[in-house]
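Have a look at the structure below, then the notes.
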Amino acid sequence: MSGLQAQGLNLRIGETPILKDVSLDIAPGQILGLVGESGSGKSMTALAVMQLLPGGSICDGTVSLDGDDLTTLTEAQMCDRRGCDVSMIFQEPMTALNPVQTIGFQIAETVTIHGGSRAEGAARARDLLARVGLAQIPLDRYPHELSGGQRQRVCIALAIALHPKLLIADEPTTALDVTTQAQILDLLKQIVTEEGMAMLFITHDLAVVAGLADEVAVMKDGAVVEHGPTAQLFARMQHPYTRALFAASRHQPQRQIQAAPQPLLTIQNATRTYRLPRPHLFAKPDALEAVSDVSFSLHRGESLGLVGGSGCGKSTLTRAILGLEPLQGGKIQLDGQSISPDMPPDVRGRMQVVFQDPYGSFNPRHRVRRILTEPFHLQGSPTGLEARIAEALTSVGLSPQDADKFPHAFSGGQRQRIAIARALITRPDLIVLDEAVSALDVSVRAQVLDLLADLQGQLKLSYLFISHDLTVVRAITDRVLVMAAGKIVEEGPTERVFADPQHSYTRALLAAAPKLPEAAA
Amino acid sequence: MIRYAASRLLSLVLSLVAASVVIFALVEVVPGDPAAFMLGLNASPETVAALRAELGLSGSVVSRYLGWIGGMVQGDFGTSYTYRVPVSELILQRIWVSVPLAGYALILSTVIALPIGILSAARRGRPVDYGIMGFTQLGIAVPNFWFAMLLVLLFAITLQLVPAGGFPGWEAGFWAGMTALTLPAIALALPQASILARVMRSALIETLGQDYMRTARAKGLSEGQAICRHGLRNALIPVLTIIGLQFSFLLAGAIIIENVFFLPGLGRLIFQGITQRDLIVVESVTMLLVFAVITVTFLVDIAYAAVDPRLRRR
């Protein structure tokens with residue numbers, strides 16, 4: 001038997017069952033997409049195949065690669081197999097490479113650790129960089145000198161250095177923007193076909209596997225609930241969980257459009273420049289124009305999307321709109337009052353923000369009550385504070401008793417609800433949602449999008465929705481701005497922009513976005 | 001890299017200038033006139049004034065400051081008020097005790113601390129780790145002068161392996177000198193090694209959780225190889241910081257240990273200078289110590305850049 005056969009994998013960590021009877025089969029040259037939400041056991045399946053499980057795990061079942069059972073090997077024998085017969089690439093290209101060693105060394109290490117000489121390693125590293133499309137990058141570069149997409153290519157290079165029989169890719173494109181994602185997926189597909197290796201591709205994104213995998217397995221709570229050839233699986237969707245996942249991925253919240261004619265937020269010729277380090281000690285510092293001459297307005301009750309690739313200036317623009325950083329030119333006004341880092345607290349209170357990471361954006365030592373009332377530190381606590389806390393928590397679907405809990409008592413989706421409650425408590429006019437649903441699982445994301453749509457209807461809120469995820473922007477916004485290289489390159493009603501993009505950048509962005517197949521009956 | 005070194009060097013010079021101004025100003029405002037102190041209570045004002053002129057204590061503040069700096073740059077640290085010998089001579093004698101002692105203690109502490117810190121991190125949460133952490137806790141808690149006395153009781157008095165104190169001078173031979181410095185160096189190294197081992201351990205444990213360690217394991221490195229090849233160098237930055245601080249501390253902060261072992265070191269020189277109002281000695285030794293600390297900081301900065309390419313701006 002060639003390729004990978006995993007049979008009846010059961011995994012427990014302590015008393016907690018993690019995997020239940022997971023069986024997978026991948027032939028050489030084939031891609032198996034393993035799809036599921038966080039905590040479904042996808043990554044643990046990969047680590048079980050690699051025999052890199054965390055301490056205290058008890059695993060049974062067999063993992064056979066070209067007929068050899070990996071579970072019977074000693075750790076020393078397994079070290080010889082890893083990187084040689086089976087290798088893995090990970091989600092976070094920014095941190096997956098050692099920052100203090102050159103990329104050439106790190107690619108060559110795969111060769112040298114398995115008995116190759118330094119000269120062979122260096123020569124192979126050179127070939128591999130060319131293979132992954134980085135022929136122009138010298139081997140003595142350090143990871144911090146490369147972009148995210150380039151680093152992921154380096155990770156692929158070091159994983160395929162010894163022509164492994166199996167390549168495991170754990171969410172390899174989740175941290176990349178859509179155009180880079182499309183390029184990396186193409187590269188992976190090409191490598192798998194040309195080298196005839198089997199690939200286990202792990203992702204939470206149904207649309208990505210739809211366009212890439214030969215077969216798909218859907219995981220839920222440690223078990224594979226549905227498994228089959230991609231087209232067939234999407235056409236039949238026999239398990240209710242697969243259908244639910246599919247529906248949540250393309251969820252469109254019910255929204256009533258109620259944009260008022262008068263603008264709430266106006267941005268006129270906003271320009272933000274950063275000073276770069278001096279080229280040498282006595283030279284004039286260079287300047288980088290991160291946002292150049294951007295103008296737009298956001299109406300009361302409107303939901304406006306801002307999309308663009310990483311480094312396009314959308315985060316810089318967001319910080320300026322929030323009044324966290326000064327502009328070097330132009331002005332920003334909220335309802336006629338100007339926005340700057342030294343604006344009065346009551347203006348600041350009219351605008352709130354929800355960030356991406358529901359885990360990192362709360363102080364873990366503060367109770368929910370303190371987290372929610374933090375915005376009042378600017379303005380002084382209003383009367384009826386308890387009622388305000390209860391109101392904010394109730395409006396996001398939590399209970400007033402939750403105010404006395406700590407953030408770790410909540411799931412990711414509930415934390416994002418707390419973040420929204422914190423934004424609502426000052427009764428703002430505008431909420432800036434900075435990738436607010438990007439870190440959530442699709443089913444939770446659908447619920448949070450519904451919540452945002454409801455709140456907008458009830459409270460006449462305006463949203464500025466910043467995201468790299470085009471599906472979400474399409475679902476929740478009335479109008480969309482496309483940003484590239486610090487400028488707004490296209491602006492228009494969301495449906496018009498998505499259906500008939502005018503600018504070449506918008507067209508490229510839409511073409512690169514992975515698409516779900518049409519819904520089955 | 002050269003730009004980085006140049007910018008660190010510039011900040012080194014600026015820090016030295018600032019430190020010299022502060023030291024000079026502090027000594028200026030300290031009460032007590034050295035000339036009056038030297039001549040005793042019965043001296044006539046004329047004699048005091050003459051001595052002040054001789055010692056270079058008259059004239060404007062600015063001219064005295066410039067004279068002091070100018071002299072130091074040429075190696076002339078002035079003349080000690082109490083010993084009536086050039087300060088540079090006094091410093092030179094003492095420096096040959098203090099610098100080897102500090103270096104000896106630092107090498108001991110590093111050689112002990114790094115391996116046990118690494119071992120502790122690699123076996124984290126297991127009995128070896130708990131044992132090492134317990135010992136280092138003790139090493140920090142025990143006062144080093146008390147530990148020094150225990151060492152003297154055991155090795156000098158009971159076993160009679162080394163002298164109980166004093167320094168024969170390097171003229172008596174390299175080994176005689178090193179033998180005299182061994183117990184003080186051990187006493188100094190114990191708390192330093194304990195701190196350094198804990199820093200090494202926690203820095204390494206932090207790097208063990210990083211994504212690149214997982215990448216290294218997936219490439220086929222064993223756990224030990226991954227720690228040595230990828231973990232260690234990333235964990236070195238905090239360790240280098242502590243080593244730099246420890247050298248500076250050992251140079252001047254060894255005064256208690258110098259007293260326990262009757263060693264003629266810089267710490268005792270400055271202490272005597274203060275009690276005898278020998279301001280020129282105090283000023284010069286302090287300035288020298290500041291120079292040493294700033295130089296060590298500079299070297300640590302350069303070491304950072306050697307370890308971490310992100311700090312070398314192209």
Side-chain angles (χ1 to χ4, degrees), chain A residues 43 46-47 50-52 55-56 75-102 105-115 140-145 151 154-155 158-159 161-162 164 167-168 170 276-281, chain B residues 1-11 13-14 121-126 129 203-240 303-314:
Chain A
S43 295
L47 294 178
M50 292 293 284
Q51 300 280 300
L52 278 179
E75 173 58 23
Q77 288 171 319
M78 199 56 220
C79 282
D80 293 340
R81 301 301 182 94
R82 284 187 209 113
C84 185
D85 289 344
V86 45
S87 30
M88 188 159 177
I89 49 179
F90 300 95
Q91 174 171 359
E92 207 36 86
M94 297 318 234
T95 52
L97 293 170
N98 185 342
V100 304
Q101 279 167 345
T102 62
F105 174 87
Q106 296 188 58
I107 298 173
E109 193 177 30
T110 310
V111 177
T112 54
I113 203 80
H114 293 285
D140 63 354
R141 286 296 164 85
Y142 287 95
H144 70 275
E145 297 168 305
R151 291 187 209 190
V154 171
C155 291
L158 64 85
L162 296 173
L167 177 63
I168 301 175
D170 189 357
L276 295 176
R278 294 163 196 270
H280 58 91
L281 205 54
Chain B
M1 184 71 192
I2 291 167
R3 246 191 65 208
Y4 174 77
S7 83
R8 301 318 305 164
L9 202 61
L10 184 69
S11 101
V13 173
L14 292 178
R123 301 263 182 283
R124 62 198 173 285
R126 304 213 209 129
D129 180 29
L204 194 53
I205 285 179
E206 193 173 324
T207 64
L208 293 183
Q210 297 291 325
D211 290 349
Y212 53 77
M213 295 298 280
R214 198 177 51 182
T215 306
R217 295 284 280 135
K219 268 197 255 186
L221 277 73
S222 68
E223 195 175 357
Q225 282 173 322
I227 290 177
C228 295
R229 286 163 167 246
H230 296 277
L232 270 185
R233 198 161 146 195
N234 278 291
L236 273 184
I237 292 272
V239 173
L240 283 173
Y304 285 164
V307 167
D308 192 338
R310 286 167 295 184
L311 296 173
R312 304 169 214 154
R313 277 164 262 157
R314 274 179 180 254

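Quick note on labels: first sequence line is chain A, next is B, and so on, each numbered from 1.
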Between [X] and [Y] (side chain of the first, backbone of the second, donor and acceptor by atom type, cut-off under 3.5 Å), is there such a pair?
X	Y	answer
R151(A)	M94(A)	yes
E145(A)	Y142(A)	yes
R217(B)	R214(B)	no

Quiz prompt | Beyond-backbone contact of P99(A) with Y212(B), side-chain heavy atoms, under 4.5 angstrom | solution = yes

Practice problem: Give, as side chain, backbone, both or neither, the part of Q225(B) having an atom under 4.5 angstrom from any heavy atom of chain A. | Solution: side chain

Exercise. Sort by residue number and list every member of residues 227-234 of chain B having a non-hydrogen atom under 4.5 Å from chain A.
Key: R229(B), H230(B), R233(B), N234(B)

Practice problem: For chain B, find which of Q106(A), M88(A), M78(A), R81(A) contributes the most heavy-atom pairs closer than 4.5 angstrom. | Solution: Q106(A)

Quiz item: Of all of L47(A), I89(A), I113(A), I168(A), which one pairs up most often with chain B through heavy atoms under 4.5 Å apart?
Solution: I113(A)

Self-check item: Heavy-atom pair of closest approach, residues L162(A) and T110(A)
Solution: CD1-O, 3.5 Å

Practice problem: Please report the closest heavy-atom contact between S87(A) and P164(A), naming both atoms and the distance. | Solution: OG-CG, 3.2 Å

Quiz item: chain B heavy atoms under 4.5 Å from L97(A): which part of the residue, side chain, backbone, both or neither?
Solution: backbone

Quiz item: Take atom CD in Q77(A); do more than 12 heavy atoms of anything else shown fall under 6.0 Å from it?
Solution: yes

Quiz item: Is it true that R82(A) and E75(A) make a salt bridge, defined as a side-chain N closer than 4.0 Å to a carboxylate O?
Solution: yes

